[in-house]
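Worksheet: the structure to be examined is printed underneath.
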Amino acid sequence: MKDMCNARRLMWANDFPRSDSTCPLSQTMLEEHTKGLGEQEWNWICHDNVAEPYRSAF
């Protein structure tokens, strides 16, 4: 998906604690979903992109 859109606007998410979440396999799923990412893309998608709106709000 990252090649089809801007990686600066993607976020990986887990819908825990709902029954259709990836838990308890979330770490395995995260590893599988991000195996083709570079370090910077991984940082953006796994934490920086979600943190950015909160940083600019303060």
Side-chain angles (χ1 to χ4, degrees):
M1 193 70 203
K2 68 144 178 121
D3 295 329
M4 297 175 65
C5 51
N6 185 348
R8 290 292 285 144
R9 299 295 172 250
L10 293 175
M11 298 177 204
W12 188 87
N14 177 356
D15 206 15
F16 181 80
R18 293 186 173 83
S19 61
D20 61 343
S21 76
T22 59
C23 189
L25 303 173
S26 298
Q27 293 301 308
T28 303
M29 296 295 292
L30 178 60
E31 185 176 327
E32 177 67 25
H33 292 168
T34 61
K35 68 181 172 187
L37 299 177
E39 183 178 359
Q40 182 63 67
E41 292 172 322
W42 192 93
N43 287 335
W44 286 336
I45 293 168
C46 293
H47 55 77
D48 291 351
N49 291 345
V50 73
E52 187 175 343
Y54 293 100
R55 280 194 293 263
S56 64
F58 298 101

Looking at residues at least two apart in the chain, or sitting in another chain, which of them share a salt bridge (Lys or Arg N to Asp or Glu O under 4.0 Å) with Glu32?
Lys35
Side-chain touch Trp12/His47, heavy atoms, less than 4.5 angstrom
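A side-chain contact is absent here, since even the closest heavy-atom pair is not under 4.5 Å.
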With a sphere of 6.0 Å drawn around CD of Gln40, does it hold more than 12 non-hydrogen atoms of other residues, nucleotides or ligands?
yes
List in chain and number order the residues that pass side-chain hydrogen bond (donor to acceptor under 3.5 Å, both in side chains) with [X], two or more places apart in sequence or in another chain; answer none if no residue qualifies.
X     : answer
Asp48 : none
Trp44 : none
Glu41 : Lys2

Between side-chain atoms of residues 4-11 and protein atoms elsewhere (two or more places apart, or another chain), which donor-acceptor pairs fall under 3.5 Å?
residue: Asn6; atom: OD1; partner: Arg8; partner atom: N; Å: 2.9
residue: Arg8; atom: NH1; partner: Asn49; partner atom: OD1; Å: 2.9
residue: Arg8; atom: NH2; partner: Glu52; partner atom: OE1; Å: 2.8

Output the distance between atom OG1 (Thr34) and atom CD1 (Ile45), rounded to the nearest 0.5 Å.
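Reported to 0.5 Å precision, the distance equals 8.5 Å.
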